[in-house]
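Beneath this line is the structure, given in structure tokens, with notes to follow.
Because the structure is predicted, anything quoted here is derived from the model rather than measured.
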Number of protein chains: 2
Amino acid sequence: MGVFVMKLRTMNSNASNTQNPLSGAASGGSSGTAVSVASPTFSPLYQQIKALITQSLQSGEWKPGELIPSEIELASRFKVSQGTVRKAIDELAAENLVVRRQGKGTFVATHHEARSQFRFLRLAPDEGVPHYPENQIVEVKRLRAPAEVARMLDIKSGDSVIFIRRVQSFSGVPTILDDLWLPGAIFKGLTAERLNEYKGPMYGLFETEFGTHMIRASEQIRAVCADEQVAQLLQVAAGTPLLSVERVSFTFGDKPVELRRGLYLTSHHHYRNELN
Amino acid sequence: MGVFVMKLRTMNSNASNTQNPLSGAASGGSSGTAVSVASPTFSPLYQQIKALITQSLQSGEWKPGELIPSEIELASRFKVSQGTVRKAIDELAAENLVVRRQGKGTFVATHHEARSQFRFLRLAPDEGVPHYPENQIVEVKRLRAPAEVARMLDIKSGDSVIFIRRVQSFSGVPTILDDLWLPGAIFKGLTAERLNEYKGPMYGLFETEFGTHMIRASEQIRAVCADEQVAQLLQVAAGTPLLSVERVSFTFGDKPVELRRGLYLTSHHHYRNELN
DNA sequence: AAGTGGTCTAGACCACTAT
DNA sequence: TAGTGGTCTAGACCACTTT
């Protein structure tokens with residue numbers, strides 16, 4: 001591994017420390033590692049280290065919830081200073097891929113924690129504290145991906161996808177109707193039983209049972225009116241205004257692995273967003 | 001100023017460098033400076049420096065768009081290392097209070113820049129690239145703050161507030177109806193003429209003309225139906241579903257200085273949100 | 001007491017911009 | 001050429017957690 005990093009180091013004119021007087025050698029288009037440069041842009045060492053750590057996260061060398069090696073140990077492994085490892089981990093922590101705990105170590109982020117329950121659920125009650133809703137699976141079936149769905153999931157039209165429809169309720173009041181489309185190749189074997197058995201956030205199940213960790217998502221929000229079918233499922237009058245939240249979720253490598261269309265009843269809840 | 005920082009330093013058991021062997025002295029509840037501890041919690045030096053820089057931003061010592069002193073100069077002024085100043089500025093940059101430009105320096109953030117035009121405007125067209133909308137001021141008047149508005153703006157019920165109603169259009173199509181309430185004490189002299197004369201983002205005008213820089217905002221989003229009056233202003237049928245976006249904007253010191261209720265037509269646009 | 005992340009410093013060199 | 005922010009290192013000590 002040391003040699004590997006040395007290689008990386010020489011890929012940039014970045015050898016500033018006196019102990020490693022490797023110089024010049026602007027980014028050569030040599031072997032095609034994951035970190036190799038697509039453009040001849042400058043890439044600092046800590047970014048390369050970050051990429052290496054991310055690879056270990058993706059490959060499952062360190063699993064969600066587990067402790068990763070200490071900064072000193074990683075520095076030794078990669079043959080860089082602790083400060084450089086620290087900066088790499090700083091960015092990973094900012095992206096919620098890992099969680100730092102002073103005195104204990106750095107842990108792989110997981111969706112099985114109270115802390116991250118509301119990271120992807122932005123609907124909050126107008127009054128009172130947020131609660132996690134009850135789930136009711138309405139339907140689970142396999143189908144062939146329509147063109148639109150295939151495009152969003154970056155798979156071929158007609159490929160197998162798993163369709164899930166569920167209703168989420170707060171204190172027994174139906175509030176969210178979700179339709180999900182998941183690539184069949186990744187979520188093979190996902191059934192209504194498994195979804196119903198599982199108590200907790202769906203992304204936790206995906207992470208544990210299918211090895212797929214959602215790391216970010218992109219949402220498009222619109223206002224729509226409930227049609228007859230939706231109105232019945234949410235137990236409201238047809239024509240009731242609803243928030244339409246279309247989400248694409250991504251795992252490592254910016255790979256889309258979930259398409260979701262949520263309809264939110266906002267009579268007593270709202271979608272919360274902080275602009276910074 | 002040097003003495004001031006020395007004081008700060010001794011407020012924590014934080015004097016780790018060998019050149020400044022000030023020791024112990026756990027946070028005493030002494031004099032009430034801006035940085036003084038409300039709770040006896042540990043506050044690192046760079047946070048204190050960050051607070052001092054923020055004060056200079058708030059006081060207008062460095063105005064929006066201007067260059068602030070270099071890291072080395074600030075380090076000298078505050079009698080700390082460049083690395084400590086750097087970490088303070090890193091956080092200010094992450095919060096969009098300043099902008100770093102390699103080789104040029106660090107600048108005070110401003111709302112008069114293409115970069116930040118869409119920081120507080122999340123409505124994007126379903127197809128094509130985002131554009132900044134045309135403004136049409138419908139109404140500007142002074143009134144006494146209703147209880148609800150006063151509560152949100154942290155002023156007294158009945159205090160003077162300025163009410164603004166405007167319509168924003170994309171390519172001539174009315175899409176956003178905004179109602180704004182601003183504290184009269186801060187925005188004294190704001191008229192329809194000034195709003196109409198001014199080309200560019202409203203927050204830029206607030207920043208330049210009223211010395212009030214919005215630094216963050218909190219939004220609550222719901223789905224509603226257009227009533228008769230709204231429908232007429234947006235030139236749609238009554239009952240059309242609209243996004244209701246209720247925003248409270250804050251300036252330094254978490255002081256609320258704007259209440260805004262936007263109604264967004266989402267037939268050909270959507271509210272974009274990235275979850276990380 | 002030992003190990004972890006968190007802070008702070010000092011010094012070197014690199015990348016970028018302006019003069 | 002000089003000045004700025006950006007990266008990298010090495011070493012010290014602090015705060016927190018566990019043994």
Side-chain angles (χ1 to χ4, degrees), chain A residues 5-6 8-27 40-50 67-76 78-93 98-107, chain B residues 5-6 8-27 40-50 66-76 78-94 98-107:
Chain A
V5 175
M6 298 290 273
L8 290 177
R9 204 195 289 267
T10 59
M11 284 169 59
N12 301 295
S13 55
N14 204 22
S16 57
N17 80 79
T18 49
Q19 280 68 37
N20 291 278
L22 312 170
S23 67
S27 54
T41 315
F42 167 74
S43 170
L45 237 195
Y46 75 86
Q47 288 287 1
Q48 301 174 23
I49 302 301
K50 181 184 170 189
L67 182 67
I68 76 170
S70 73
E71 294 177 354
I72 290 179
E73 196 171 330
L74 289 171
S76 160
F78 297 134
K79 299 285 187 291
V80 298
S81 76
Q82 182 183 0
T84 299
V85 171
R86 167 161 278 274
K87 186 149 188 183
I89 295 181
D90 277 346
E91 292 205 351
L92 292 172
V98 299
V99 178
R100 317 188 81 140
R101 297 193 208 285
Q102 191 176 15
K104 300 176 75 171
T106 301
F107 298 78
Chain B
V5 175
M6 298 290 272
L8 291 177
R9 206 194 287 266
T10 57
M11 283 169 60
N12 301 296
S13 56
N14 205 21
S16 57
N17 79 80
T18 49
Q19 279 68 38
N20 292 279
L22 312 171
S23 66
S27 55
T41 315
F42 167 73
S43 170
L45 238 195
Y46 75 87
Q47 288 288 2
Q48 301 175 22
I49 302 301
K50 180 184 171 189
E66 287 182 4
L67 182 66
I68 76 171
S70 72
E71 296 177 352
I72 291 178
E73 196 171 330
L74 289 171
S76 160
F78 296 134
K79 299 283 183 294
V80 298
S81 77
Q82 182 183 0
T84 299
V85 171
R86 167 161 278 275
K87 186 149 188 183
I89 295 180
D90 277 346
E91 292 206 351
L92 293 171
V98 299
V99 178
R100 317 188 82 139
R101 295 192 210 285
Q102 191 175 14
K104 300 176 76 172
T106 301
F107 298 79

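- Put simply, NZ on Lys79(B) is 17 Å from P on dC8(C), counting in whole angstrom units.
- For the pair Val85(B) and Glu73(B), the minimum side-chain heavy-atom distance is 4.5 Å or more.
- Counting only heavy atoms from C-beta on, Thr84(A) has its side chain closest to dT9(D) among dT7(D), dT7(C), dT9(D).
- For the atom pair Ser81(B) OG and Lys87(B) NZ, the distance stands at 11.5 Å (nearest 0.5 Å).
- For Thr106(A), the side chain to side chain donor-acceptor pair (under 3.5 Å) criterion is met by no residue, not counting sequence neighbours.
- Here dT7(C) presents its P atom at 12 Å from CD of Gln48(B), a figure rounded to the nearest Å.
- The minimum heavy-atom distance linking Leu67(A) with Lys104(A) is given by the pair CD1-O, 3.8 Å.
- One distance of note links CG of Asp90(B) with CG of Asp90(A); it measures 9.5 Å at 0.5 Å rounding.
- Rounded to an integer number of Å, the gap from CZ of Phe107(B) to C1' of dC16(C) is 13 Å.
- What you find for Gln48(B) and Ser43(B) is that their closest heavy atoms are NE2-O, 3.1 Å.
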Pick out the pairs of N or O atoms, protein on one side and nucleotides 3-5 of chain C on the other, that lie under 3.5 Å.
| from | atom 1 | to | atom 2 | distance (Å) |
| --- | --- | --- | --- | --- |
| dG3(C) | N2 | Gly103(A) | O | 3.0 |
| dT4(C) | O2 | Gly103(A) | N | 3.3 |
| dG5(C) | OP1 | Thr106(A) | OG1 | 3.4 |
| dG5(C) | OP2 | Glu71(A) | N | 3.0 |
| dG5(C) | N2 | Gln102(A) | NE2 | 3.1 |

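- Across every non-hydrogen atom of Gln47(A) and Glu91(A), the tightest pair is NE2-OE1, 3.4 Å.
- Here the P atom of nucleotide dG6(C) and the CD atom of Gln47(B) are 13 Å apart, to the nearest Å.
- Two end axes, each from the C1' atoms of five base pairs, can be drawn for the helix from dA1(C)-dT18(D) to dA18(C)-dT1(D); they diverge by 10°, to 10 degrees.
- Residue Lys87(B) contributes atom NZ, which lies 17 Å from atom P of dC8(D) at whole-angstrom precision.
- Within the 4.5 Å cutoff, no side-chain heavy atoms of Leu74(A) are placed close to those of Ile49(A).
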